[in-house]
Undergrad: 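This is the structure, below, for whatever I ask next.
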There are 2 protein chains.
Amino acid sequence: MKVKEVADLVGISVRTLHHYDDIGLLTPEQTTESGYRIYSEMDLERLQQILFFKELDFPLKKIKEIIDSPSFNQAEALEMQRNMLLDKRDRVDTMIRTIDKTIKYKQGEIVMSNKEKFDGFDFSHNPYEQEARERWGDKAVDESNAKMNRMTNEEKKEFEETFHAIYRELAVVRHEDPASEIAQKRIGEWFEFLNQMGTYSLDAFKGLGQMYVDDERFTKNIDQFGNGLAIFMRDAMAVYADKRK
Amino acid sequence: MKVKEVADLVGISVRTLHHYDDIGLLTPEQTTESGYRIYSEMDLERLQQILFFKELDFPLKKIKEIIDSPSFNQAEALEMQRNMLLDKRDRVDTMIRTIDKTIKYKQGEIVMSNKEKFDGFDFSHNPYEQEARERWGDKAVDESNAKMNRMTNEEKKEFEETFHAIYRELAVVRHEDPASEIAQKRIGEWFEFLNQMGTYSLDAFKGLGQMYVDDERFTKNIDQFGNGLAIFMRDAMAVYADKRK
DNA sequence: ATTGACCCTCACGCTACGTGATACTCTATA
DNA sequence: TATAGAGTATCACGTAGCGTGAGGGTCAAT
């Protein structure tokens with residue numbers, strides 16, 4: 001599909017599509033020789049995601065971060081957006097009630113406190129942003145990705161070998177208690193290793209562990225070294241983090 | 001009340017209040033000798049109005065025009081805003097349904113057309129702006145007549161656009177009484193429009209309205225412009241026809 | 001008399017596009 | 001086959017609605 005077709009379909013401007021391309025938020029899969037942007041089905045689905053987040057007042061930059069995050073999971077996102085929209089509807093309902101009250105108030109039928117007059121507004125913060133950040137946005141995770149990108153291929157290989165080694169060592173003890181001494185020692189090595197790249201707080205570390213289980217791409221990857229390793233690591237990482245706080 | 005008290009009460013920033021003062025949208029009634037802005041009850045009520053319009057995506061400039069218009073009437077405005085919020089809730093509901101569909105679609109349970117994937121979006125125009133302009137703006141009435149005249153001269157595409165425009169205008173008032181003045185005025189435009197294509201008798205017009213509800217192909221088509229529009233149109237068309245016989 | 005929370009006014013920065021200007025591409029039709 | 005008309009492209013500057021300091025007064029409490 002060409003720009004205008006897409007624009008008309010979803011009700012946004014051509015300029016907006018150009019803009020999304022400029023900032024790398026939505027770059028069409030194909031372009032013709034003459035430079036026309038051609039949007040695929042997948043592009044459209046990405047656009048749908050973008051618009052949902054936008055409706056919920058996420059800035060474009062954050063939307064990009066979220067959607068491009070390696071741990072992004074569309075099914076989860078949709079469910080989250082659903083909840084946010086339900087919230088939004090509640091807010092609109094509250095505002096409608098506020099209007100009804102105001103009408104009566106104006107007719108002298110009831111009294112209204114100042115606070116009541118503004119019920120349903122309060123845009124002061126985006127309550128969903130935190131939520132999204134917790135699920136996909138952890139700065140620590142992003143940072144380590146950025147570092148990964150800056151590394152050369154050689155370095156990457158070396159790096160990979162090191163952490164595969166740690167995985168293997170962990171896999172060996174994965175049937176032990178996650179709180180056991182040996183498990184904690186090895187998970188400690190893991191923590192230190194990660195801290196060589198980016199700085200992981202204990203909370204971020206714990207969160208990362210949870211992600212190993214929640215995001216099946218991680219789970220698959222990790223469980224290659226031994227079935228149930230992801231779950232074991234999550235538990236061990238939680239114990240490790242909690243003990244040190 | 002001083003700036004921060006107001007800001008905290010309604011959940012906006014102090015800077016925003018400054019900005020509204022700068023552009024003359026909300027200038028506090030009083031200032032202390034030292035230059036502190038002091039907001040009165042009336043200022044708060046004006047602010048409430050402003051925020052309602054803002055929630056409905058009116059630009060600040062237009063909000064100022066509207067509120068400062070000599071023909072502005074607060075009671076009327078509140079009622080209008082109420083309708084707009086009802087519409088907004090409909091849109092949110094539609095989006096929620098779209099999400100639900102998308103979830104099922106992703107699981108392979110159903111198929112989804114591209115149009116369906118973006119149901120509930122379409123920000124392409126603010127249907128309320130026109131409405132507000134008509135009630136409180138200056139240009140008022142002739143515009144629709146002018147539209148009609150241009151229509152006869154031009155081609156099919158514009159033709160279609162025009163009647164979509166009428167649908168949209170009708171959709172805006174669909175929460176009003178079908179017998180109300182505004183509803184009748186707009187349904188009258190519809191009648192005239194149809195009579196430029198073929199000649200409709202009043203009875204045929206009424207019958208057509210009934211068909212909008214009986215034939216679900218019509219219903220679907222019409223309700224794209226707003227849930228319940230078909231039923232509203234049928235009722236308004238019936239009233240229109242009966243009154244003129 | 002001092003501190004800390006609040007207030008003021010510039011004034012520049014930022015996001016998410018809007019709005020031309022200028023030029024190329026594609027398709028339908030005379 | 002030439003030409004118009006609708007669409008597309010890339011600059012590049014403009015705009016709205018604030019955010020974010022900087023630099024400096026004000027006010028009540030300690």
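Each chain gets a letter, A, B and so on, in the order the sequences are listed, and its residues count up from 1. Everything numeric in this text was worked out from a predicted model, so none of it was measured.
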Undergrad: Tell me whether B/Glu181 at atom CD has more than 12 heavy atoms from other residues, nucleotides or ligands lying less than 6.0 Å away.
TA: no
Undergrad: To the nearest 0.5 Å, tell me how far A/Leu25 CG sits from A/Lys61 NZ.
TA: 12.5 Å
Undergrad: Do B/Leu47 and B/Asp43 have side chains that approach each other closer than 4.5 Å (heavy atoms only, starting at C-beta)?
TA: no
Undergrad: Measuring from A/Asp22:CG to A/Thr27:OG1, what's the distance to the nearest 0.5 Å?
TA: 9.0 Å
Undergrad: What string of B, S and - do you get for nucleotides 21-30 of chain D, 5' to 3', if B is base contact, S is sugar-phosphate-only contact and - is no contact with any protein heavy atom under 4.0 Å?
TA: ----BBS---
Undergrad: Measure from CG on A/Asp21 to P on D/dT10 and round the result to the nearest Å.
TA: 7 Å
Undergrad: Would you kindly give the CZ-to-P distance between B/Phe53 and D/dG17, to the nearest whole Å?
TA: 15 Å
Undergrad: Is the shortest side-chain N/O distance from A/Arg37 to OP1 or OP2 of D/dT10 below 4.0 Å?
TA: yes
Undergrad: Within this structure, what is the CD1-to-P distance between A/Ile63 and C/dT15, rounded to whole angstrom?
TA: 13 Å
Undergrad: Think A/Lys54 has a side-chain N or O under 4.0 angstrom from the OP1 or OP2 of C/dC17?
TA: yes
Undergrad: If we only count heavy atoms from C-beta on, is the B/Met80 to B/Met84 side-chain gap below 4.5 Å?
TA: yes
Undergrad: How long is the line joining NZ of A/Lys64 and P of C/dT15, in whole Å?
TA: 14 Å
Undergrad: Indicate the ring-plane relationship of B/Phe53 and B/Phe72, choosing parallel, tilted or perpendicular according to the 30° and 60° boundaries.
TA: tilted
Undergrad: When you compare the side chain of A/Lys64 with that of A/Leu60, does any pair of heavy atoms fall below 4.5 Å?
TA: no
Undergrad: To 10°, what angle do the rotation axes through the five end pairs on each side of the helix from C/dA16-D/dT15 to C/dA30-D/dT1 form?
TA: 10°
Undergrad: Could you check if a side-chain atom of A/Val6 sits within less than 4.5 angstrom of a side-chain atom of A/Val14, using non-hydrogen atoms only?
TA: no
Undergrad: How do A/His19 and B/His18 order along DNA chain C: which one's closest nucleotide is nearer the 5' end?
TA: B/His18
Undergrad: Tell me the interatomic distance from B/Ile12, atom CD1, to D/dG17, atom C1', rounded to whole angstroms.
TA: 12 Å
Undergrad: So does A/Tyr20 get a side-chain nitrogen or oxygen closer than 4.0 Å to the phosphate oxygens (OP1/OP2) of C/dA16?
TA: no
Undergrad: To the closest 0.5 Å, what do you measure between CD (B/Glu29) and OG1 (B/Thr31)?
TA: 11.0 Å
Undergrad: Nearest whole Å is fine: how far is C/dG18 C1' from A/Leu17 CG?
TA: 14 Å
Undergrad: Atom CZ of B/Phe58 and atom P of D/dG17: how far apart are they, to the nearest Å?
TA: 13 Å
Undergrad: Compare the minimum distances between each of C/dC17, D/dG19, D/dG7 and the side chain of B/Thr16, then state the nucleotide with the smallest one.
TA: D/dG19
Undergrad: What is the separation between atom OH on B/Tyr39 and atom C1' on C/dC8, rounded to the nearest whole Å?
TA: 12 Å
Undergrad: If only side-chain N and O atoms of B/Lys61 are considered, is one of them under 4.0 Å from the OP1 or OP2 phosphate oxygen of D/dA16?
TA: yes
Undergrad: Going from CD on B/Gln81 to CZ on B/Phe58, what distance comes out if it is rounded to the nearest 0.5 angstrom?
TA: 8.0 Å
Undergrad: Do B/Glu55 and B/Lys88 have side-chain heavy atoms sitting under 4.5 Å apart?
TA: yes
Undergrad: To the nearest 10°, let me know how far the axis at one end of the helix from C/dA1-D/dT30 to C/dC14-D/dG17 is tilted from the axis at the other, five pairs an end.
TA: 20°
Undergrad: Using a strict 4.0 Å threshold on nitrogen-to-oxygen distance, state whether B/Glu176 and B/Arg186 make a salt bridge.
TA: no
Undergrad: When we call it a touch if two heavy atoms are under 4.0 Å apart, what does B/Leu60 touch: a base, just sugar-phosphate, or nothing?
TA: sugar-phosphate
Undergrad: For B/Val14, report the nucleic acid contact type (base, sugar-phosphate, nothing); a contact means any heavy atom under 4.0 Å.
TA: nothing
